[in-house]
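All chains are named by letter (A, B, ...) in the order of the sequence lines, taking the proteins before the strands, and each is independently numbered beginning at 1.
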Amino acid sequence: MSTITLKIKRQDGPNSPSYWEEFALPYKENLNVISLLQMIALNPVNAKGEKVTPVVYESNCLEEVCGACSMVINGRARQACSALVDQLSQPITLEPLNKFPIVRDLLVDRSALFKALTKVKAWVDIDGIYDMGFGPKDYEANQAIRYDFSRCMTCGCCAQSCPNYTLNGDFIGPAAVGQALLFNLHPTGSQLRGDRYEALMAPGGLFECGNSQNCVRTCPKEIPLTSALAKMKQKVTWYAIKSIFVK
Amino acid sequence: MSQKESKLEFALRKLQSLSGFLPLCVFLMFHLVANAVIMISPGYYYKFINTMATIPGLIVIELVIIFLPLILHGCMGLYIVLTGRNNPRRYPYFRNWAFLLQRISGVVIFAFLIYHVLTIKYGSDHSAATMILSLNAQFNTTWSAIFYVIALICVSFHVCNGLWGFAINWGILVGMRAQKVFGYVCIVLFIILLIFWLFVMMNFLGLSDGVLKDLFILQINGF
Ligand code: SF4
Ligand code: SF4
Ligand code: FES
């Protein structure tokens, strides 16, 4: 195998039509998909030998912890930086995540994911008018559960594979539900749990999820999303029933 | 701010999920057991149906525990079907297929129920004899028999897979292991339920000529 065939679904701008473009790159050992895109950036010539614009993509950490380089590789959503060419069947196809607005080529606008995090208040509230001192201590067992969810990098793979997450729909997606649980499990973060339950009851909330469980299968961080979804469904359901009587 | 947002959709989704189990699933089980009475004897079943019809306030009961929940569950269900984007070819996992089949079976059942209720319940007169005779006739007609078998497969699947989703939506199944194990339980339930339904259907299909003649005489005399 002396060349690598790459088919990329490109788009010149947010509203332009998309088209496929093929590239043939010289084979080297131990490449990943980001290195292929870097090779194209260095010498943007397609398989027909025409000079083209370099393929636009996003990347940052190059070690699968930032989530920026998510794209659909050979049909599945995953990170380009941890997609090893030697393990991929050829031709390698690259497509942008289509559950997010496309900016250009493989670059998408994932801000819906971050907006979802602000909806569920995925943070620990420590601001006040005086120094609140140290927070309560936490048990190690609880920390271990939280650790799993803390690895989320808001990459969007779960949302991309979720049949109920759509480009124009308002479902907040599985990642934000996992983060809501993460911060509810935090001793200080749990002060906002009521707000999080309310947010998960709002339109686009938790019950848009129909339990297809794709998210847990595609999450590159192996975050137990389906148990977070179920746990939050339990909590929100009881919260709603309780609200009928105490509010 | 979030406090002000409408809880209507949340309430509708919860009711959609609840109504699937209570009363619809429970009613379906009752429907199955009631039909299974024909296995004792057609005559006994005939009497049983007539007794059922004398329950006071039957129309109200039917309206509250069958029709209204069915309309809510069905219409909200169609809305859910239309807002999703299925992708089992790209993500060919068992649960993803079950998710799609839940939607397909729901739509099939929706169509089937219109046919079933219009032809059997509101067919012609309301007599038990007519009902048994029309079921027998439908099961002996190839296309409607096939429609019934497909509907029975869909109903059995929709109920068992729906039970699994219900258990998650109401916080009964939380852990991933529990979800998996209950998933297997639901597959077994599906098989049992389907076999039972088909068995009941066979009993309606195979009524003897003598029984059919008796029913026919009863029908003519307006019982
Ligand atoms: S389990 Fe829910 S959130 Fe996860 S992919 Fe399925 S529908 Fe989406
Ligand atoms: S939950 Fe997993 S797939 Fe979803 S955004 Fe976080 S890391 Fe990515
Ligand atoms: S570049 Fe950060 S995950 Fe790939």
Side-chain angles (χ1 to χ4, degrees), chain A residues 72 74-77 95 98-99 118-121 160-171 194-218 224-241 243-244 247, chain B residues 1-18 20 76-77 79-103 106 161-180 182-183 186:
Chain A
V72 179
N74 283 356
R76 305 288 175 90
E95 296 162 73
N98 64 1
K99 300 283 177 91
T118 62
K119 271 195 188 162
V120 299
K121 303 198 176 173
Q160 173 69 22
S161 68
C162 170
N164 286 322
Y165 192 93
T166 52
L167 179 59
N168 300 312
D170 50 9
F171 181 30
D195 289 3
R196 297 195 187 100
Y197 297 147
E198 293 278 344
L200 292 174
M201 285 163 72
L206 179 58
F207 287 92
E208 300 243 340
C209 160
N211 304 315
S212 70
Q213 306 205 332
N214 285 355
C215 50
V216 78
R217 304 287 295 261
T218 42
L225 289 167
T226 42
S227 68
L229 288 158
K231 188 78 203 161
M232 287 313 246
K233 283 176 174 179
Q234 181 190 56
K235 293 280 187 187
V236 171
T237 301
W238 283 110
Y239 176 83
I241 293 172
S243 306
I244 299 174
K247 269 197 181 164
Chain B
M1 183 193 83
S2 63
Q3 258 85 347
K4 297 261 150 46
E5 283 190 276
S6 163
K7 300 286 152 52
L8 181 69
E9 189 176 331
F10 169 76
L12 281 176
R13 280 180 189 274
K14 286 309 275 188
L15 279 176
Q16 203 266 348
S17 169
L18 179 67
M76 192 63 201
Y79 168 75
I80 292 173
V81 170
L82 291 173
T83 50
R85 270 187 54 173
N86 291 290
N87 54 10
R89 265 186 301 157
R90 283 210 160 174
Y91 302 96
Y93 313 129
F94 168 71
R95 283 259 66 100
N96 199 21
W97 275 110
F99 175 90
L100 174 61
L101 290 176
Q102 185 73 358
R103 277 137 190 81
N161 192 47
L163 194 65
W164 180 83
F166 174 85
I168 291 181
N169 282 344
W170 291 83
I172 299 161
L173 278 183
V174 176
M176 298 223 278
R177 183 197 55 89
Q179 292 177 10
K180 204 168 173 179
F182 193 63
C186 288

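- The choice from B:Trp97, B:Trp164, B:Trp170 that makes the most heavy-atom pairs within less than 4.5 Å of chain A is B:Trp164.
- Only the side chain of B:Gln179 comes within contact range of chain A, judged by heavy atoms closer than 4.5 Å.
- Within a 6.0 Å sphere centred on NZ of A:Lys235, other residues, nucleotides and ligands contribute 12 heavy atoms or fewer.
- At least one side-chain heavy atom of B:Asn169 sits under 4.5 Å from a side-chain heavy atom of A:Asn211.
- To the nearest 0.5 Å, atom CG of residue B:Asn86 and atom OG of residue A:Ser212 are 8.5 Å apart.
- Contact annotation for B:Arg13: only side-chain heavy atoms (C-beta onward) come within less than 4.5 Å of a heavy atom of chain A.
- Taking B:Arg89, B:Arg90, B:Glu9 one by one and counting their heavy-atom pairs under 4.5 Å with chain A, the maximum is reached by B:Arg90.
- Residues B:Ser6 and A:Pro203 come closest through the heavy atom pair O-CD, 3.3 Å.
- Residue contact with chain B, scored on non-hydrogen atoms closer than 4.5 Å, involves the backbone and the side chain of A:Ala77 alike.
- Heavy-atom distances place the side chain of B:Arg103, and not its backbone, under 4.5 Å from chain A.
- Between the OG1 atom in A:Thr226 and the CE atom in B:Met176 there is a gap of 4.5 Å [rounded to 0.5 Å].
- When side chains are defined from C-beta on, B:Tyr93 does not count as touching A:Val216, because their heavy atoms never get closer than 4.5 Å.
- Interface remark: A:Ser161 contributes backbone and side-chain atoms alike to the contact with chain B (heavy atom separation under 4.5 Å).
- To the nearest 0.5 Å, atom SG of residue A:Cys215 and atom OH of residue B:Tyr91 are 11.5 Å apart.
- With chain B as the partner, the residue from A:Lys231, A:Lys233, A:Met232, A:Met201 showing the most heavy-atom pairs under 4.5 Å is A:Met201.
- Between the side chain of B:Arg95 and the backbone N or O of A:Asn214 there is no donor-acceptor pair closer than 3.5 Å.
- To the nearest 0.5 angstrom, A:Gln234 atom CD is 12.0 Å from B:Ile168 atom CD1.
- For a residue to count as touching a neighbouring chain, one of its non-hydrogen atoms must lie under 4.5 Å from one of that chain's; by this rule B:Leu173 touches chain A with the backbone only.
- Within the 4.5 Å cutoff, side-chain heavy atoms of A:Asn164 are placed close to those of B:Phe99.
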